[in-house]
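Heads up, the thing below is written out as structure tokens.
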Amino acid sequence: MATAPDQSFPEIRDSVRKLCARFPGPYWQALDRDRIYPTEFVGALTESGFLSVLIPEAYGGSGLGLGAATAILEEVHRSGCNGGASHAQMYTMGTLLKHGSEAQKSAYLPRIASGELRLQAFGVTEPGAGTDTTRISTSARRDGDHYVVNGQKLWISRAEHSDLMILLVRTTPRDQVAKPSDGMSVLLVDLREAVGRGLTIRPVRTMLNHATTELFFEDLRVPVANLIGNEGSGFRYILDGMNAERILIAAECIGDGKFFVDRASAYARDREVFGRPIGQNQGVQFPIARAHVQVAAAELMVQRAAALFDDGQACGSEANMGKMLASEASWAAADVCLQVHGGFGFAEAYGVERKFRETRLYQVAPISTNLILSHVATHVLGLPKSF
Ligand SMILES: Cc1cc2nc3c(=O)[nH]c(=O)nc-3n(C[C@H](O)[C@H](O)[C@H](O)COP(=O)(O)OP(=O)(O)OC[C@H]3O[C@@H](n4cnc5c(N)ncnc54)[C@H](O)[C@@H]3O)c2cc1C
């Protein structure tokens, strides 16, 4: 039974659903248990061209907009799969596409579109800086034709399963620039060459299977040819990509929300206690109905943000609001779904507890709810800045 209108991109949605049906719950449960990367699933998405929808046709992609990409990730999540292993390829590529030189784009984008190269890693967060990105201390010092990178990153997902990484570094110390956001630069790091030659990657085990890692840089040499855009303007390039990232992650939350509402409704229809389906009790029905309403409302904001983005209009506030509403709706739906399943909600085989853990992430990453509220308060409502 449909829980919200799915009218956009019906053919893409149908193909994604068919692909996802080849990767049912037991596949994900087995990987989750041992925190193994879903290589076969990511391979199937790549082969079907779903990860290159945002790459222009001139570079071998299908040149579709963010609306199509959100439909793909939503269906992945609604099917019980998880896009976290591969979604970065969609938005990380935008930094290269928008700010890279023609030589960089022709060298990398066609190979990313074909699946020959994986651009899955995005290195911004540091333990000492947290959300205050201007405080990053990973530095890149110019030495002839190379930058020499030193420092540490934390929570860098998929670094062990990627060939390339978009890396944010400081090229001028914070106390020597006019604005704290100046003096940062973006480097395209070839991980195949870097690991063992100045870069060490250490996995971090988390409450979900997200292949996240800690990175240590000790005199890693990166060719100056791998600088994206201008030295010192990197923070702006990263911010540019964040709207796409937030909208895509919000679409994953919408998919999760629908998954939970679908599962809760189905279980409430079938499970009989006291001689009748539990879903006949309004105490069980209403929370599921409320979760559906919340997901459907959030979906509208996410669709609006994607439409603005595809139209080339400013969409920062809508992207943030969509991400917040969608992550809260998916978490509320997760809680209801677990409750409706009673004890069975905790059983690994039902797949609900895994998705419950997975969807909780989105209120913290890629941006936490408080920081979204702060954006809305200061940028939309004109309230004074608190930091
Ligand atoms: C599984 C996982 C995968 C990730 N993958 C990546 C990745 O691939 N690449 C990458 O670069 N990063 C990644 N991240 C990092 C993620 O983007 C950050 O964890 C997130 O942005 C929050 O930053 P933080 O953890 O440093 O929290 P902090 O900045 O330390 O904040 C902690 C808490 O305090 C709140 N807070 C902080 N300042 C304020 C304030 N002024 N007012 C009100 N509240 C405040 C925050 O909202 C948050 O709830 C990942 C994180 C996780 C957990």
Side-chain angles (χ1 to χ4, degrees), residues 9 12 15-16 39 41-73 76 83-124 147 156-169 185-195 222-231 233-234 236-249 251 306 309-312 366:
F9 305 98
I12 290 182
S15 321
V16 175
T39 306
F41 177 69
V42 176
L45 279 180
T46 308
E47 273 167 36
S48 312
F50 290 131
L51 296 186
S52 57
V53 285
L54 295 176
I55 298 181
E57 284 177 294
Y59 298 108
S62 37
L64 297 173
L66 207 61
T70 57
I72 292 167
L73 291 178
V76 164
S86 49
H87 56 201
Q89 182 124 332
M90 286 181 167
Y91 53 76
T92 307
M93 175 282 305
T95 311
L96 178 58
L97 177 65
K98 210 162 165 197
H99 304 287
S101 66
E102 193 44 55
Q104 289 169 333
K105 289 194 276 191
S106 344
Y108 294 110
L109 289 177
R111 294 165 72 203
I112 293 170
S114 72
E116 184 190 335
L117 285 179
R118 300 163 300 169
L119 174 55
Q120 293 284 9
F122 184 56
V124 175
Y147 284 104
I156 309 309
S157 305
R158 304 162 297 272
E160 295 169 296
H161 306 279
S162 188
D163 301 305
L164 303 167
M165 170 170 63
I166 295 278
L167 179 70
L168 186 70
V169 290
S185 304
V186 172
L187 300 178
L188 186 65
V189 176
D190 191 325
L191 292 165
R192 297 163 303 172
E193 289 171 8
V195 175
V222 179
V224 171
N226 287 21
L227 172 73
I228 293 187
N230 296 322
E231 187 178 293
S233 303
R236 185 166 58 76
Y237 304 156
I238 294 292
L239 278 188
D240 261 1
M242 284 182 170
N243 288 335
E245 180 184 32
R246 283 171 203 177
I247 295 167
L248 289 169
I249 299 292
F309 184 98
D310 282 340
D311 207 26

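This structure is a prediction, so every number in the text was calculated from the model and none was measured. Atom set for the values below is all heavy atoms of this structure, side chains included, hydrogens, waters and symmetry mates excluded. Numbering of residues begins at 1 and proceeds along the displayed sequence.
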Pairwise distance [atom1]([X]) to [atom2]([Y]) - rounded to 0.5 angstrom:
X: Leu109; Y: Leu54; atom1: CG; atom2: CG; result: 11.5 Å
X: Asn226; Y: Ser185; atom1: CG; atom2: OG; result: 13.0 Å
X: Gln120; Y: Ile112; atom1: CD; atom2: CD1; result: 9.5 Å
X: Asn230; Y: Arg236; atom1: CG; atom2: CZ; result: 8.0 Å
X: Leu164; Y: Leu187; atom1: CG; atom2: CG; result: 12.5 Å
X: Ile156; Y: Met165; atom1: CD1; atom2: CE; result: 7.5 Å

State, yes or no, whether a side-chain contact exists between [X] and [Y] at a heavy-atom distance under 4.5 Å.
X: Leu66; Y: Leu248; value: yes
X: Met93; Y: Ile55; value: yes
X: Leu51; Y: Ile72; value: no
X: Phe50; Y: Val76; value: no

Quick one: closest heavy-atom pair of [X] and [Y], and the distance?
X: Ala68; Y: Ile12; answer: CB-CD1, 4.1 Å
X: Thr70; Y: Ala306; answer: CG2-CB, 4.4 Å
X: Ala194; Y: Val189; answer: CB-CG1, 3.9 Å
X: Ala121; Y: Leu191; answer: CB-CD1, 4.3 Å
X: Ala113; Y: Gly61; answer: CB-N, 3.9 Å
X: Gly100; Y: Ile228; answer: N-CG2, 3.8 Å

side-chain contact (heavy atoms from CB on, under 4.5 Å) between Glu231 and Tyr147, worked out: CA-CA 11 Å; Glu231 187 178 293; Tyr147 284 104; 2.4 Å; yes
Counting N and O atoms only, with roles assigned by atom type, does the side chain of [X] sit under 3.5 Å from a partner on the main chain of [Y], one being a donor and the other an acceptor?
X: Ser162; Y: Arg158; answer: no
X: Thr92; Y: Gln89; answer: no
X: Arg111; Y: Ser106; answer: no
X: Gln104; Y: Leu227; answer: yes
X: Glu57; Y: Gly63; answer: no

Should Asp163 and Arg118 be marked as a side-chain contact (heavy atoms from CB on, under 4.5 Å) after you check the CA-CA gap, both sets of side-chain angles, and the distance that decides it? CA-CA 5 Å; Asp163 301 305; Arg118 300 163 300 169; 3.2 Å; yes
Apply the test side-chain contact (heavy atoms from CB on, under 4.5 Å) to residues Lys98 and Tyr237: give CA-CA distance (whole Å), side-chain angles for both, the deciding distance (0.1 Å), then the verdict. CA-CA 8 Å; Lys98 210 162 165 197; Tyr237 304 156; over 6 Å; no
Before you tell me yes or no, could you show the steps for Met90 and Leu73 under side-chain contact (heavy atoms from CB on, under 4.5 Å), namely the whole-Å CA-CA distance, both residues' side-chain angles and the distance that decides it to 0.1 Å? CA-CA 10 Å; Met90 286 181 167; Leu73 291 178; 3.8 Å; yes
Evaluate side-chain hydrogen bond (donor to acceptor under 3.5 Å, both in side chains) for Tyr108 paired with Glu116, printing each intermediate quantity in order. CA-CA 10 Å; Tyr108 294 110; Glu116 184 190 335; over 6 Å; no
Parallel, tilted or perpendicular: which fits the ring planes of Phe122 and Tyr91, with parallel below 30° and perpendicular above 60°?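 Phe122 vs Tyr91 ring planes: perpendicular.
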